[in-house]
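On a predicted model such as this, the values are computed, not experimentally measured, just so you know.
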Amino acid sequence: MWALIKDNKIEEIIRFPKTMIIDDVTHSRKIFTAWTAAEKKAVGILPVTPGTKLDDKYYISNNETYAIASDGNSVVGTITKAKNKSLTDTNEVNEDGSKLLDEKGNQVVTPGLRTIAKQKAATTAHGMLSRFSWLIERKITADVAIPSEVTDFMASVRTAHKSICDEIDACNSMTKFVAAHTDEYNEDNTLKTIAKVNDWPDDYDIKSYYR
């Protein structure tokens, strides 16, 4: 990505090589790959360093802005936060401020991050437990006992699900919510601390019962 500079101002952000007319001279798109940085700078083209993107799971960003670097050799992009995404559910309204209703007359609600996170936890727990449905059916239809290691694991999944949902409900700020979703790593990239919402029981010893 490059920027066209005129009179020390950014005229255009160029995202892909293209034919350019600069000071009434037509330049082939090949200048972006064939010319040196100094040659491009001489006609007013500087490389652009994109801004660091914010995590769109948590934040809504402003449009990226650009500024010429202090050394005059590049353009630097900056992405700032417009606002946090809502942790809580939002009751949607019409332009006149009245309740926005669905086709059955119910309030339209946009789920907040906490609701979405708890839905994800419920889906994860269901997926972990549903693999043992055949054992439950066998118990009901043939009265064959469910192995204790399986019932213990299922109980630990339910406990973990409640603990995770309680943690999510306790997140009254975006800082806490992000922390609850962020694993910590050591300098050698090995896992140091697992995020609370990822802290599910280990299924290594009961995989043989999966169906």
Side-chain angles (χ1 to χ4, degrees), residues 50-61 64 79 81-93 99-211:
T52 302
K53 292 184 178 180
L54 304 180
D55 193 328
D56 60 9
K57 295 193 299 293
Y58 310 118
Y59 310 111
I60 296 173
S61 300
E64 188 169 7
I79 301 174
K81 182 177 69 176
K83 62 179 180 179
N84 294 336
K85 290 189 174 181
S86 179
L87 291 173
T88 58
D89 296 349
T90 301
N91 291 332
E92 300 297 342
V93 297
K99 292 182 179 179
L100 178 62
L101 306 179
D102 63 18
E103 64 275 9
K104 292 189 176 182
N106 298 314
Q107 170 73 56
V108 174
V109 178
T110 298
L113 294 184
R114 287 202 298 247
T115 294
I116 294 170
K118 288 192 290 184
Q119 289 171 344
K120 181 179 178 181
T123 299
T124 299
H126 175 75
M128 298 177 79
L129 296 174
S130 63
R131 293 172 173 178
F132 307 110
S133 296
W134 70 278
L135 290 172
I136 298 172
E137 293 171 2
R138 189 179 68 173
K139 169 63 178 175
I140 294 172
T141 59
D143 197 25
V144 177
I146 300 173
S148 60
E149 57 264 44
V150 172
T151 55
D152 289 346
F153 177 78
M154 294 176 75
S156 67
V157 169
R158 296 187 180 97
T159 298
H161 174 250
K162 182 181 184 306
S163 177
I164 288 169
C165 289
D166 287 346
E167 178 74 16
I168 291 168
D169 282 332
C171 292
N172 57 8
S173 70
M174 185 59 73
T175 299
K176 292 180 179 179
F177 188 82
V178 172
H181 285 76
T182 304
D183 294 330
E184 292 184 40
Y185 291 88
N186 297 305
E187 291 183 1
D188 61 357
N189 276 338
T190 57
L191 183 63
K192 178 180 180 182
T193 306
I194 192 167
K196 183 61 181 179
V197 300
N198 297 330
D199 194 9
W200 295 95
D202 184 359
D203 62 355
Y204 180 83
D205 293 329
I206 46 80
K207 286 183 177 180
S208 61
Y209 295 105
Y210 280 174
R211 294 290 187 276

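Shown here are the salt bridge (charged side-chain N to carboxylate O under 4.0 Å, His left out) partners of Lys162, two or more places apart in sequence or in another chain: Asp166. Val108 meets the side-chain contact (heavy atoms from CB on, under 4.5 Å) test with Glu92, Leu100, Asp102; sequence neighbours excluded. A search for side-chain contact (heavy atoms from CB on, under 4.5 Å) contacts involving Ser148 returns Thr151, not counting sequence neighbours. Scanning for side-chain contact (heavy atoms from CB on, under 4.5 Å) contacts around Lys85 gives Ile60, Leu113, with sequence neighbours left out. In this view, His181 and Phe177 satisfy the ring pair (Phe, Tyr, Trp, His ring centres under 6.0 Å) rule, not counting sequence neighbours. Residues that satisfy the side-chain hydrogen bond (donor to acceptor under 3.5 Å, both in side chains) test with Asp205, not counting sequence neighbours, are absent from this structure. With sequence neighbours left out, the salt bridge (charged side-chain N to carboxylate O under 4.0 Å, His left out) criterion links Lys57 to Asp55. Residues passing the ring pair (Phe, Tyr, Trp, His ring centres under 6.0 Å) test with Tyr209: none are found, sequence neighbours excluded. Under the rule for a side-chain contact (heavy atoms from CB on, under 4.5 Å), Ala145 has no partner lying at least two apart in sequence or in another chain. With sequence neighbours excluded, the residues satisfying salt bridge (charged side-chain N to carboxylate O under 4.0 Å, His left out) with Lys139 are Asp143.
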Give the table of side-chain donor-acceptor pairs shorter than 3.5 Å for residues 190-198, with sequence neighbours excluded, one pair per line with atom names and distance.
residue	atom	partner	partner atom	Å
Thr190	OG1	Asn186	ND2	2.9
Thr190	OG1	Asp188	OD1	2.6
Lys196	NZ	Ser163	OG	2.8
Asn198	ND2	Asp183	OD1	3.3

Practice task
Begin with the C-alpha distance, continue with both residues' side-chain angles, and end with the deciding distance and a verdict on side chain to side chain contact (heavy atoms under 4.5 Å, CB included) for Thr52 and Ile79.
Solution key: CA-CA 6 Å; Thr52 302; Ile79 301 174; over 6 Å; no
Handout entry: Tyr59 and Lys83: CA distance, side-chain angles, deciding distance, side chain to side chain contact (heavy atoms under 4.5 Å, CB included) verdict
Key = CA-CA 6 Å; Tyr59 310 111; Lys83 62 179 180 179; over 6 Å; no
Exercise for the section: Take Leu87 and Met174 through the side chain to side chain contact (heavy atoms under 4.5 Å, CB included) test and state the conclusion after the steps. Expected result: CA-CA 7 Å; Leu87 291 173; Met174 185 59 73; 4.1 Å; yes
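Proximity of Leu135 to Pro147: side-chain heavy atoms (C-beta onward) are separated by under 4.5 Å at one or more points. No side-chain heavy atom of Ser61 sits under 4.5 Å from any side-chain heavy atom of Lys81. A 4.5 Å side-chain heavy-atom check between Thr90 and Val109 finds every atom pair outside the cut-off. Counting only heavy atoms from C-beta outward, the side chains of Val157 and Trp200 approach each other to under 4.5 Å.
Annotation: side-chain hydrogen bond (donor to acceptor under 3.5 Å, both in side chains) contacts involving residues 113-123, sequence neighbours excluded, comprise Asp89-Thr115, Lys118-Asp169.
Between the OG atom in Ser86 and the CG atom in Asn84 there is a gap of 9.5 Å [rounded to 0.5 Å]. Residue Lys53 holds its NZ atom at 8.5 Å from CD of Glu64, rounded to the nearest 0.5 Å. One finds the OG1 atom of Thr88 at 11.5 Å from the CG atom of Asn172 (value rounded to the nearest 0.5 Å). Phe153 contributes atom CZ, which lies 11.0 Å from atom CZ of Arg158 (distance to the nearest 0.5 angstrom).
A pairwise comparison of heavy atoms in Tyr210 and Trp134 identifies C-NE1, 4.4 Å as the closest pair. Contact record, Gly127 with Ser130: O-OG, 3.2 Å, taken as the closest heavy-atom pair.
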